[in-house]
Enquirer: 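Questions regarding the structure given below will be posed in turn.
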There are 2 protein chains.
Amino acid sequence: MTIRPSHYFQLLSDETRLRCLLLMQQEGELCVCELTHALGVIQPKVSRHLAALRDAGLVMDRRQGQWIYYRLHPGLPEWISQVIATTTGGVLEQAPFANDRAALAAMPNRPGSACCA
Amino acid sequence: MTIRPSHYFQLLSDETRLRCLLLMQQEGELCVCELTHALGVIQPKVSRHLAALRDAGLVMDRRQGQWIYYRLHPGLPEWISQVIATTTGGVLEQAPFANDRAALAAMPNRPGSACCA
DNA sequence: CCGAAATATACGGAAAAACATATATACAGT
DNA sequence: ACTGTATATATGTTTTTCCGTATATTTCGG
């Protein structure tokens, strides 16, 4: 079951999914609560879109304790990796993408960066 | 009215539109009858999708006699031009894109290449 | 002016996507 | 075992997208 090019673009065509993907491209791994906070959308909405990305093989997930971390799938075809990277570079400073990054940076109690040094 | 990045991807997410765009990327200008023949789809379908691309500013059209030629819009944002170019490079040899190119090359009586030398 | 070819649009219906709300599952700490 | 937190999924609905057919518009050749 190979994914058709148009299907990749269909996945990028929803703003919530695109914001998640570009944030992962910039930050590496992110858990659902980080994405939910950064984008300012309700959790089921984020989960639903992440499931679509996972089912298509665009992202991988990894459970760590209560959290599930998502990242871009390392085995993507070269061209689609490039498309995501190019898009990130092109829209980085625009809304809502710049705001997502800022909101993530301002998030308190992020799971990865523990309180204990 | 600036186009949102996700909207660009929405336009690329339909296979008919994507095939038209990639063929234009490779061939330069193409008229509707060439696209109709190359893709093997009915004319109103091609016209409808070309109208969507034109309304979004992704392509330009130019009337020459009875024919209307479409090409990628020269003033596109750099990142989306790169996305289209990268995609072309990545999927060039796959179906249905390779077949579209072949069907176009095999088309008799193409308007541009006149019968008279 | 008339017919034919190229292209565009209008229309009604079918299929797909996205949504919010509600609920289920998994894990952590007690 | 119980509670709270994180995440996933199910459900019913609304919105969007896509389609084929039919028709309109433009242009050319006569």
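Computed from a predicted model, the values in this text were never measured in an experiment. Labels below follow one simple rule: chain letters A, B, ... track the order of the sequence lines, proteins then strands, and each chain is numbered from 1.
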Enquirer: Which nucleotide wins on minimum distance to the side chain of B:Val32, given the candidates D:dC18, C:dC27, C:dT7?
Expert: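 My answer, after comparing the listed nucleotides, is C:dT7.
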Enquirer: Send over the distance from B:Arg4 CZ to D:dT16 P, rounded to a whole Å.
Expert: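 Computing the B:Arg4:CZ to D:dT16:P distance gives 13 Å.
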Enquirer: Quick one, A:Arg17 with A:Gln10, criterion side-chain contact (heavy atoms from CB on, under 4.5 Å). Give me CA distance, side-chain angles, the key distance, then yes/no.
Expert: CA-CA 10 Å; A:Arg17 286 193 297 263; A:Gln10 195 274 332; 3.8 Å; yes
Enquirer: Report the distance from atom CZ of A:Phe9 to atom C1' of C:dA16, rounded to the nearest whole Å.
Expert: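 Value for this atom pair: 20 Å.
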Enquirer: Which one, C:dA8, D:dT9, C:dA28, comes nearest to the side chain of B:Pro44?
Expert: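 Of the options given, the side chain of B:Pro44 lies nearest C:dA8.
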Enquirer: Do B:Ile3 and B:Leu21 sit in one hydrophobic cluster, given that two such residues count as connected whenever their side-chain heavy atoms are within less than 4.5 Å of each other, even indirectly?
Expert: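 Result: yes, single cluster for both.
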Enquirer: Can you work out whether A:Tyr69 or B:Gln64 has the more 5'-proximal nearest nucleotide on DNA chain D?
Expert: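 Nearest nucleotide further toward 5': that of A:Tyr69.
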Enquirer: Starting the side chain at C-beta, find the nucleotide from C:dA8, D:dC28, C:dA20 nearest to B:Tyr70.
Expert: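 The listed nucleotide nearest to B:Tyr70's side chain is C:dA8.
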Enquirer: Under a single-linkage definition using a 4.5 Å side-chain heavy-atom cutoff for Ile, Leu, Val, Met, Phe, Trp and Tyr, are B:Leu76 and B:Val59 assigned to the same hydrophobic cluster?
Expert: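 Yes.
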Enquirer: Please state how far atom NE2 in B:His37 lies from atom P in C:dT7, giving the value in whole angstrom units.
Expert: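 So the NE2-P distance, B:His37 to C:dT7, works out to 13 Å.
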Enquirer: Does CZ belonging to B:Arg54 count more than 12 external heavy atoms closer than 6.0 Å?
Expert: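 Yes, CZ of B:Arg54 has more than 12 neighbouring heavy atoms, counting only those of other groups under 6.0 Å.
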Enquirer: Of the candidate nucleotides D:dT21, D:dT5, C:dT21, which contains the atom at the shortest distance from the side chain of A:Ile42?
Expert: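 Taking heavy atoms from C-beta onward, the closest nucleotide is C:dT21.
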Enquirer: When you measure from the side chain of B:Gln10, which nucleotide among D:dT7, D:dC18, C:dT7 comes out closest?
Expert: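 Out of D:dT7, D:dC18, C:dT7, the nucleotide with an atom closest to B:Gln10's side chain is D:dC18.
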Enquirer: Would you mind reading off the distance between A:Arg19 atom CZ and C:dA18 atom C1', rounded to a whole angstrom?
Expert: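 In whole Å, C:dA18 C1' lies 15 Å from A:Arg19 CZ.
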Enquirer: Using a distance-only criterion (donor-acceptor N/O pair, under 3.5 Å, no hydrogens), is the base of C:dA8 paired with the side chain of B:Gln43?
Expert: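 Yes, the side chain and the base share a sub-3.5 Å donor-acceptor pair.
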Enquirer: If I take atom CG in residue A:Leu50 and atom P in nucleotide D:dA6, what distance separates them, rounded to the nearest angstrom?
Expert: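 In whole Å, D:dA6 P and A:Leu50 CG are 16 Å from each other.
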Enquirer: Out of D:dT9, C:dA18, D:dC19, which has the shortest distance to the side chain of A:Ser47?
Expert: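 Of all the options, the side chain of A:Ser47 is nearest to D:dT9.
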Enquirer: Give me the ring orientation class for A:Tyr8 and A:Trp79: parallel if the planes are under 30° apart, tilted from 30 to 60°, perpendicular past 60°.
Expert: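 Ring orientation of A:Tyr8 relative to A:Trp79: perpendicular.
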Enquirer: From the list C:dT9, D:dG20, D:dT9, which nucleotide is the closest neighbour of the side chain of B:Lys45?
Expert: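 Side chain of B:Lys45 sits closest to D:dG20.
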Enquirer: Identify which nucleotide among C:dA26, D:dT7, C:dT7 has an atom closest to any side-chain atom of A:Arg63, counting heavy atoms from C-beta outward.
Expert: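 Nearest listed nucleotide: C:dA26.
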Enquirer: Please enumerate all residues that pass side-chain hydrogen bond (donor to acceptor under 3.5 Å, both in side chains) together with A:Asp14, with sequence neighbours excluded.
Expert: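 Testing A:Asp14 for side-chain hydrogen bond (donor to acceptor under 3.5 Å, both in side chains), a comparison that skips the adjacent residues, returns none.
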Enquirer: Considering only D:dC19, C:dC19, D:dA8, which nucleotide approaches the side chain of A:Arg54 most closely?
Expert: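 Between D:dC19, C:dC19, D:dA8, the one nearest the side chain of A:Arg54 would be D:dA8.
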Enquirer: In this structure, how many angstroms lie between the P atom of D:dT15 and the CD atom of A:Glu15, rounded?
Expert: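 Rounded to whole Å, this separation is 19 Å.
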Enquirer: When the distance from CZ of A:Arg110 to C1' of D:dA6 is rounded to whole Å, what number comes out?
Expert: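 Roughly 16 Å, once rounded to whole Å.
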Enquirer: Starting at the 5' end of DNA chain C and moving along, which residue's nearest nucleotide shows up first, A:Thr16 or B:Arg48?
Expert: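 Final value for this comparison: B:Arg48.
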Enquirer: Go through D:dT7, C:dC19, D:dC18 for me and flag the one nearest to the A:His49 side chain.
Expert: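 For A:His49, the side-chain atoms sit closest to C:dC19.
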Enquirer: Heavy-atom nearest nucleotide on DNA chain D for A:Ala51 versus A:Trp67: which residue maps closer to 5'?
Expert: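 The 5'-side residue here is A:Trp67.
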Enquirer: Whole Å only: how far is the CG atom of A:Leu11 from the C1' atom of C:dA18?
Expert: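 It works out to 14 Å between those atoms.
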